[in-house]
*Asks:* 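Below: one structure in structure tokens.
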Amino acid sequence: MRALSQSVRRLWLILAGLLALASGAIVWFSISEEKRATASDNLLEIALQEKDDFVYDLAQLAPEQTRFFRYPVASSERSRLLVQRDAKGVIRTAFASCRACYSHRREHKLFRGSLICGRCGSAMRVGNQNEHITSDKSCVAVPVPFSIDQNRVIVLEQAITDGLQIFTTANNAAAQKRVVALETR
């Protein structure tokens with residue numbers, strides 16, 4: 001009888017230990033997932049000066065992290081761009097807006113590591129470097145060409161200024177549509 005109660009006690013201790021270990025693993029996993037999901041949300045934006053290239057050490061960019069940087073477009077306006085490393089380690093750079101939502105660009109934000117559209121509230125996919133983004137592809141952040149050299153991502157100033165033409169063309173086309181609509185009334 002005594003041998004049986006000791007073996008039952010051992011079994012209960014082992015089960016309690018396994019349960020405590022499993023509970024600890026679940027808590028650790030949920031905390032680490034939350035930290036990883038919000039890791040990008042509170043990073044300061046990197047401000048560039050006019051005519052500067054964007055150069056960023058990839059050792060500072062963890063998987064599933066996004067970093068904003070700003071480039072001066074005019075004396076009072078700055079264009080916000082981003083560099084992102086996805087879960088597989090793929091690097092992407094893009095304007096922090098899609099073509100359709102550029103007028104709402106100041107309302108776009110990072111939430112849990114995703115770029116959220118200020119117009120429709122959905123998560124914006126970041127386009128691949130060679131992807132051609134048309135105006136009918138909604139909520140896809142417009143990619144910016146970049147290169148990687150010595151573990152640094154490099155976005156040339158010329159690529160940024162050339163890429164901004166997409167948005168000025170889209171804004172001019174939208175303004176012309178509004179004028180035509182007003183004239184036909």
Side-chain angles (χ1 to χ4, degrees), residues 36-54 56 61 63-148 153-185:
R36 186 170 33 162
T38 59
S40 302
D41 296 359
N42 300 315
L43 294 174
L44 295 176
E45 292 183 2
I46 301 166
L48 299 178
Q49 299 301 313
E50 191 172 10
K51 307 285 185 201
D52 281 356
D53 296 335
F54 175 69
Y56 191 71
L61 193 64
E64 298 186 56
Q65 193 173 44
T66 301
R67 195 72 203 263
F68 283 130
F69 60 101
R70 287 189 180 268
Y71 186 81
V73 178
S75 60
S76 63
E77 187 178 351
R78 305 286 180 261
S79 181
R80 191 161 55 162
L81 296 95
L82 60 86
V83 60
Q84 177 186 69
R85 181 183 298 224
D86 70 12
K88 296 179 182 176
V90 175
I91 304 297
R92 292 182 180 87
T93 60
F95 290 96
S97 185
C98 64
R99 289 181 70 170
C101 304
Y102 188 69
S103 61
H104 297 271
R105 65 190 173 275
R106 289 182 182 88
E107 300 164 36
H108 299 339
K109 63 182 179 238
L110 277 179
F111 178 71
R112 299 181 62 86
S114 295
L115 180 61
I116 304 299
C117 177
R119 183 179 72 143
C120 67
S122 65
M124 207 179 287
R125 183 176 66 81
V126 178
N128 292 318
Q129 184 172 359
N130 296 321
E131 185 175 355
H132 179 68
I133 305 297
T134 58
S135 57
D136 63 328
K137 288 186 176 179
S138 62
C139 285
V140 178
V142 177
V144 179
F146 67 95
S147 61
I148 296 177
V153 64
I154 302 167
V155 179
L156 298 177
E157 173 266 340
Q158 188 66 45
I160 297 170
T161 55
D162 289 350
L164 284 169
Q165 300 301 318
I166 291 171
F167 298 112
T168 56
T169 304
N171 282 344
N172 290 342
Q176 286 182 346
K177 282 182 185 178
R178 283 192 298 270
V179 168
V180 168
L182 290 174
E183 289 175 353
T184 58
R185 286 185 181 175

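Residue numbers start at 1 and run along the sequence shown.
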*Asks:* Hey, does the side chain of Arg119 reach the backbone of Cys101 with a donor-acceptor pair shorter than 3.5 angstrom?
*Replies:*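 No; zero donor-acceptor contacts below 3.5 Å.
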
*Asks:* Distance check, rounded to the nearest 0.5 Å: Ile166 atom CD1 versus Ser97 atom OG?
*Replies:*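 Interatomic distance, Ile166 CD1 to Ser97 OG, rounded to 0.5 Å: 11.0 Å.
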
*Asks:* Tell me the closest heavy-atom pair linking Leu115 and Ala141, and the distance in Å.
*Replies:*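 Closest approach of Leu115 to Ala141: CD2-CB, 4.3 Å.
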
*Asks:* Could you tell me the separation between the CZ atom of Phe69 and the CG atom of Leu82, rounded to the nearest 0.5 Å?
*Replies:*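 Rounded to the nearest 0.5 Å, the CZ-CG separation comes out at 7.5 Å.
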
*Asks:* If you measure from CZ on Arg70 to CG on Leu81, what distance do you get to the nearest 0.5 Å?
*Replies:*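 Rounded to the nearest 0.5 Å, the CZ-CG separation comes out at 10.0 Å.
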
*Asks:* What pair of heavy atoms forms the shortest contact from Lys51 to Tyr71, and how long is it?
*Replies:*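 Scanning both residues, the minimum pair turns out to be N-OH, 2.9 Å.
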
*Asks:* Nearest 0.5 angstrom please: Arg85 CZ to Arg92 CZ, how far?
*Replies:*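 With rounding to 0.5 Å, CZ (Arg85) is 12.0 Å from CZ (Arg92).
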
*Asks:* Looking only at heavy atoms, which two atoms of Phe95 and Ile160 are closest? And how far apart?
*Replies:*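 Shortest heavy-atom contact: CZ-O, 3.4 Å.
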
*Asks:* Of all heavy-atom pairs between Ser122 and Cys139, which one has the smallest distance, and what is that distance?
*Replies:*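 Result for this residue pair: OG-SG, 3.8 Å.
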
*Asks:* Sub-3.5 Å donor-acceptor pair from the side chain of Asp53 to the main-chain atoms of Glu157, do we have one?
*Replies:*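 At least one qualifying donor-acceptor pair exists.
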
*Asks:* How about Ile46 and Phe54: do any of their side-chain heavy atoms sit closer than 4.5 Å?
*Replies:*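 Counting from C-beta outward, Ile46 and Phe54 do come under 4.5 Å.
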
*Asks:* Which heavy atom of Pro72 sits nearest a heavy atom of Leu48, and at what distance?
*Replies:*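 Reported closest heavy-atom pair: CD-O, 3.3 Å.
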
*Asks:* If every non-hydrogen atom of Thr161 is compared with every non-hydrogen atom of Gln158, which pair is closest and at what distance?
*Replies:*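 Taking every non-hydrogen atom into account, OG1-O, 3.1 Å.
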
*Asks:* Would you give the length of the straight line joining atom CZ of Arg67 to atom CD of Gln84, rounded to the nearest 0.5 angstrom?
*Replies:*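 The CZ atom of Arg67 sits 14.0 Å away from the CD atom of Gln84.
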
*Asks:* Can you tell me how far the CD atom of Glu50 sits from the CZ atom of Arg78, to the nearest 0.5 Å?
*Replies:*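 Result: 8.5 Å between the selected atoms.
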
*Asks:* Do any N or O atoms from the side chain of Arg80 and from the backbone of His108 form a donor-acceptor pair under 3.5 angstrom?
*Replies:*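 Such a contact is found between Arg80 side chain and His108 backbone.
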
